[in-house]
Structures are given as structure tokens and as C-alpha cells.
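Here is the structure we will look at, set down as C-alpha cells.
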Amino acid sequence: TRATQNTVDNNVISGNRHIGMILYEGCNSNMIYRNKIGIRADESGALANHGAGVVLSKSCRGNSIGGSGLGNVIAYNDTVGVVIMDTGSYYNKISQNRIFANNLMDIDLYPYGVNANDAGDADQGANGLMNYPLISSVFLDWFSGNTTITGGLDHASPVGVTLELFKAGGVNMFGHGGGETYLGSV
């Protein structure tokens with residue numbers, strides 16, 4: 001029996017010898033909400049899983065990791081925070097989570113490592129191998145307190161795409177930052 005339509009909510013999933021949580025082989029439509037993964041219950045520091053925090057593999061589809069007011073804290077894991085390991089896993093929503101300070105990357109879509117953006121986002125892969133947005137400038141108006149962020153997303157069909165903005169506490173070994181503080185979405 002495949003694990004489908006389950007809710008994993010408000011747990012500490014930390015300190016494991018391997019992966020914190022794995023959705024495997026057709027685990028569809030599961031909801032992963034408000035968990036502490038790789039971090040202490042009080043968020044005071046690391047309690048790392050000695051692998052990834054959350055793994056989706058072998059055609060897992062339609063799962064929700066976080067959401068509006070339901071975000072997880074996924075930090076300090078020995079490899080990555082969330083990894084989608086195969087081209088058959090897609091439509092998995094990773095939203096409004098605090099994902100930061102994982103040893104290699106915070107979110108990784110197969111193939112492993114930072115995947116280059118491609119013109120028109122015509123490639124296929126894990127979660128559609130969607131391009132990441134490029135921020136070209138950030139301007140803070142000191143008088144009004146307003147911040148203007150300019151950038152773009154090269155995507156074949158941007159209708160319905162939500163961009164989430166986070167404050168990063170630092171950068172990983174690939175020069176990308178994690179999402180330590182959720183700021184909002186457009």
C-alpha cells in the first residue's frame with residue numbers, strides 16, 4: 001500500500017542516522033506541515049539528520065510541503081533540506097517553509113546540484129525543472145520604508161506562478177542563499 005493523503009503535522013523530525021523523512025514510490029497527495037526537521041524543537045540550534053531533511057523519490061506527485069501559515073522549519077541537515085530525486089516526481093508544492101543552513105543545498109531538484117536556467121523553461125525534470133527567478137536589483141526607499149525588488153522569471157507559462165520572497169542568512173557552497181525568513185509572495 002502506498003502512503004497517500006496523509007498529514008504529517010507539528011513533529012520534530014531530527015537527529016536521525018539517515019534521512020529525516022522520505023516519500024517514496026508513488027506517495028501522492030501528502031501534506032507535510034509545521035514540522036521541525038533537522039532542528040531542535042525550540043529552534044535553538046541544530047539536531048541534524050545525517051542525510052537530507054525531506055526526500056521525494058520514485059514518482060511522488062501532488063504533495064504539499066508547507067503552505068500558507070503551515071510552513072516547516074528545515075535546517076542543519078547534513079546534505080540538503082528538500083530533494084526531489086527523479087524526473088517522475090512533479091506537482092510537489094514547497095511553500096512558505098524556512099529552509100536554510102543545510103550543508104550542501106536547501107532545495108535540490110534532480111539532476112543534483114544547481115541546475116542552470118534555460119530559455120523559455122522548455123526542459124523537463126523533477127517538479128518540471130522550473131527555472132529559478134533572477135533578481136536584478138533591490139532598492140530601499142529610506143524615506144518611505146518601501147523596498148522595490150526588480151527581476152524576472154523565464155518560464156514558458158508564467159500564469160499562476162507564485163514567487164515567494166525570503167531573507168537569506170547566508171549563501172551555500174554554490175553561491176545561493178536559503179530561505180531563512182519568509183517575506184511574502186507575488
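Within the 4.5 Å cutoff, the side chain of M130 has heavy atoms near those of the V161 side chain. When side chains are defined from C-beta on, I13 counts as touching V8, because their heavy atoms get closer than 4.5 Å. Counting only heavy atoms from C-beta outward, the side chains of Y112 and V83 approach each other to under 4.5 Å. Contact annotation: the side chain of D86 never approaches that of Y110 to less than 4.5 Å [non-hydrogen atoms, C-beta and beyond].
Here I149 contributes atom CD1 and L140 contributes atom CG; the two are 10.5 Å apart, rounded to the nearest 0.5 Å. How far CG of L163 is from OG of S185: 8.5 Å, rounded to the nearest 0.5 Å. Separating the CG atom in N117 from the CG atom in L129 is a distance of 9.0 Å, to the nearest 0.5 Å. Atom OH in Y91 sits 14.0 Å away from atom CG in N63 (nearest 0.5 Å). Rounding to the nearest 0.5 Å gives a distance of 11.5 Å between NZ of K36 and CD1 of I74. Annotation: the span from N35 atom CG to N97 atom CG amounts to 9.5 Å, rounded to 0.5 Å.
For the side chain to side chain contact (heavy atoms under 4.5 Å, CB included) criterion with N92, the lone passing option out of L109, V54, I65, N127 is N127. Evaluated for a side chain to side chain contact (heavy atoms under 4.5 Å, CB included) with V73, the options R40, E43, R34 yield exactly one hit, E43. Residue N77 forms a side chain to side chain donor-acceptor pair (under 3.5 Å) with just one option from N103, N102, D106, and that option is N102.
Looking at residues two or more places apart in sequence or on another chain, you find a side-chain hydrogen bond (donor to acceptor under 3.5 Å, both in side chains) between H50 and D78.
Heavy atoms only, all atoms of each residue included: G38 and S14 are closest at N-OG, 2.8 Å. The two residues C27 and C60 make their nearest non-hydrogen contact at O-CB, 3.4 Å.
For F166, the CZ atom is densely surrounded, since the number of other residues' heavy atoms within 6.0 Å is greater than 12.
For the residue pair S95 / E164, a side-chain donor-acceptor distance below 3.5 Å is found, with atom types taken as modelled. Judged by distance alone, the side chains of S144 and N146 do bring a donor and an acceptor atom under 3.5 Å apart.
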| Trace of the side chain to side chain contact (heavy atoms under 4.5 Å, CB included) decision for N131 with D118 | CA-CA 7 Å; N131 283 343; D118 59 308; 2.9 Å; yes
**OP:** List the steps and the verdict of side chain to side chain contact (heavy atoms under 4.5 Å, CB included) for M105 and H176.
**Re:** CA-CA 8 Å; M105 299 179 75; H176 291 257; over 6 Å; no
Point to revise | D9 and Y33: CA distance, side-chain angles, deciding distance, side chain to side chain contact (heavy atoms under 4.5 Å, CB included) verdict | key: CA-CA 5 Å; D9 187 8; Y33 297 147; 3.9 Å; yes
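At a threshold of 4.5 Å between side-chain heavy atoms, the hydrophobic network of Ile, Leu, Val, Met, Phe, Trp and Tyr places L153 and Y90 in two separate groups. M21 and I84 fall within the same hydrophobic cluster, defined by Ile, Leu, Val, Met, Phe, Trp and Tyr side-chain heavy atoms under 4.5 Å apart, directly or through other members. Cluster membership for F100 and I94, using ILVMFWY side-chain heavy atoms within less than 4.5 angstrom, is not shared. A continuous path of ILVMFWY side-chain contacts below 4.5 Å connects V80 to V55, so both sit in one hydrophobic cluster. Under the 4.5 Å side-chain heavy-atom criterion for ILVMFWY residues, no single connected hydrophobic cluster contains both I39 and L104.
For the pair N30 (side chain) and N6 (backbone), a donor-acceptor distance under 3.5 Å is present. In this structure a side-chain-to-backbone donor-acceptor pair under 3.5 Å is present from R61 to G88. One N or O on the side chain of N49 and one on the backbone of N16 form a donor-acceptor pair closer than 3.5 Å.
Within the structure, no pair that satisfies the salt bridge (Lys or Arg N to Asp or Glu O under 4.0 Å) test touches residues 121-141, not counting sequence neighbours.
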